[in-house]
Amino acid sequence: FTGQDPDCTCTEMQLMMNECACDGAGDTTYTPSNDNEKVVKIFSSNMAGFAALKADGSLKIWNQWGIPTTTVTNVIDVFYTKTGEATAVLKSDGSVQVWGEGGKGGTDPGLTSGVVNISSTNNAFAALKSDGTVKAWGDAEQGGGEGCAGTGWYACKPSDLSNVVSIHSNMEAFAALKNDGSITVWGSNGYGGKNGYYTGSDVVKIYSNAGAFAALRSDGSVSVWGEQNTYGGKISGIAVKTITPENDNKKVVHIAPGYDLFAALKADGTVQTWGRHQWSITYTEQTSMTTSIVANGRGFAGIKSDGSVAAWGDNNYGGCVNGNGESDTKCAPYGLSGLVDIVPSYGMYGAFAALKSDGTVKAWGETERGGCDSGAGTSDYSCKPSLSNVDNLYTLQNGFAAVQSDNVLKTWGRFTSVTISSSSSSSSGSSSSDSSSSGGAPYCITCQDGYDNQDGNACEACPEGEYSVGG
């Protein structure tokens, strides 16, 4: 990455477009010289790079948008804007250190204490403080405006905003949930940043995709707002629409956001979806109700009460189930059952991977993004490796990661397949490398706060004693 690898001659745009690589050149590895310099956690951005947290609280940074001019210490968390052009570090004393593009979140916000969490849009940050107040900075049109007048295109964060318990974001707007169940929004008007869309005080959770918000209320109803034509900020052609349950069985209990769509799971197991019109169909299973749902960028998948699979949406990206005798590899297999978990690959398109009760995994959907269930793969993507006794299955933007009971982690999708054991010091580019380990710390995967959360909450950090792997 530029700013970190002096031998790299690639431009930032070439790196972003995968038109140039610096593999093997310059500063591509890090080896600790003592226990204090051992890496305990890795943070990642889709567009920027990586930051490795050392045991002494400092960072080792690979970042194409530059590195900080002063030493970064006492770090507990790292956040990126969604474009990756700015980085914000939360420190143990509640202060924040930033770097990157100045007008896109890289300007010092002057936060010296009290910060407990940070959210981001494409080019702005919003920090939640322990006293329930919020500080925003970055591009005003995307939520970085603080106490300003705003325009017909965007709104600034109210200077008196208080009693906030959580902050949520899409690409260009923020939504703050307050302790009385009310909501305050700011940022791009077209992406839901215009106040007044929802004035109630009974919201229990906010969900977001790339361009819209959905609020689940205490009575099981849902209000949605945001970008209307592409991202699902409307239902049935109405800009701000509420799903009102006819009875207790129709109360919404969970919402699954995809890149540009939503699905609402109701108490009786039926599902209502909306977003891009070609995928916004209402799915109702008459004989075996759906118990959980997830979404990728173009479709949905769920587990029925009998443990079998339900899928709908775009057939090219896993939104289908094969009929008896059909063998479309982009659809879930006929008769797939015994499921305990389903995860999607994130992004505009995608695939699904399902964990079965016997510890095996089945993948389907877009071949390049983790949907290749078996085979050799190509130079552009890898297929699912041999897996058994899988304990946990995780989503990546363009693929999946599985952790087996022997503490071996394997990945596949739009990259070279990697196998890592907790006792190994390096990874293999071959999916056939199956090195097992005895003991060692378990793995877990963390991700950044934003619209790529299936449950609408900020992703949680790994418990103490575990490592963070992936992005």
Between [X] and [Y], is there a donor-acceptor pair closer than 3.5 Å when you use the side chain of the first and the backbone of the second?
X    : Y    : value
N296 : P344 : no
K410 : S386 : yes
D328 : N322 : no
W186 : G143 : yes
S382 : W412 : no
T83  : N122 : yes
Q404 : N389 : no

Sequence neighbours excluded, the answer for salt bridge (Lys or Arg N to Asp or Glu O under 4.0 Å) partners of E172 is none
The salt bridge (Lys or Arg N to Asp or Glu O under 4.0 Å) partners of K362 (sequence neighbours excluded) come to D373
Give the ring-plane orientation class for H254 versus Y207, where under 30° counts as parallel, over 60° as perpendicular and anything between as tilted.
perpendicular
Using the side chain to side chain contact (heavy atoms under 4.5 Å, CB included) rule, take V164 and L177 through it: C-alpha gap first, then chi angles, then the decisive distance, then the call. CA-CA 6 Å; V164 174; L177 178 60; over 6 Å; no
Between T121 and S169, is the side chain to side chain contact (heavy atoms under 4.5 Å, CB included) condition met? List the steps.
CA-CA 6 Å; T121 60; S169 65; 4.2 Å; yes
Does the pair S337 and K356 meet the rule for a side chain to side chain donor-acceptor pair (under 3.5 Å), with working shown? CA-CA 7 Å; S337 60; K356 300 184 67 175; 5.5 Å; no
Closest heavy-atom contact between [X] and [Y]?
X    : Y    : value
F213 : G192 : CE1-O, 4.2 Å
S345 : G350 : OG-CA, 3.2 Å
W364 : A351 : O-CB, 3.2 Å
G318 : A311 : O-CB, 3.6 Å
Y80  : F125 : C-CE2, 3.7 Å
A332 : V309 : CB-CG1, 4.0 Å

Practice task
Could you check K104 against E101 for salt bridge (Lys or Arg N to Asp or Glu O under 4.0 Å), going step by step and ending with a plain yes or no?
Solution key: CA-CA 5 Å; K104 299 179 179 180; E101 295 293 304; 5.3 Å; no
| task | Decide yes or no on side chain to side chain contact (heavy atoms under 4.5 Å, CB included) for L90 and F79, but give the supporting numbers first. | result | CA-CA 8 Å; L90 177 58; F79 303 87; 4.1 Å; yes
Value rounded to 0.5 Å, distance of [atom1] in [X] from [atom2] in [Y]:
X    : Y    : atom1 : atom2 : value
C331 : N316 : SG    : CG    : 8.5 Å
S119 : L128 : OG    : CG    : 10.0 Å
W312 : C320 : CH2   : SG    : 12.5 Å

For this session: Go through the steps for Y334 and V321 under the test side chain to side chain contact (heavy atoms under 4.5 Å, CB included), then give the verdict.
Result: CA-CA 6 Å; Y334 174 77; V321 179; 5.8 Å; no
Review point. Does R298 come within less than 4.0 Å of D260, counting only side-chain N to carboxylate O?
Key: yes
Go through E37 and K54 one step at a time and tell me if the salt bridge (Lys or Arg N to Asp or Glu O under 4.0 Å) criterion holds. CA-CA 5 Å; E37 293 188 350; K54 303 177 190 178; 5.0 Å; no
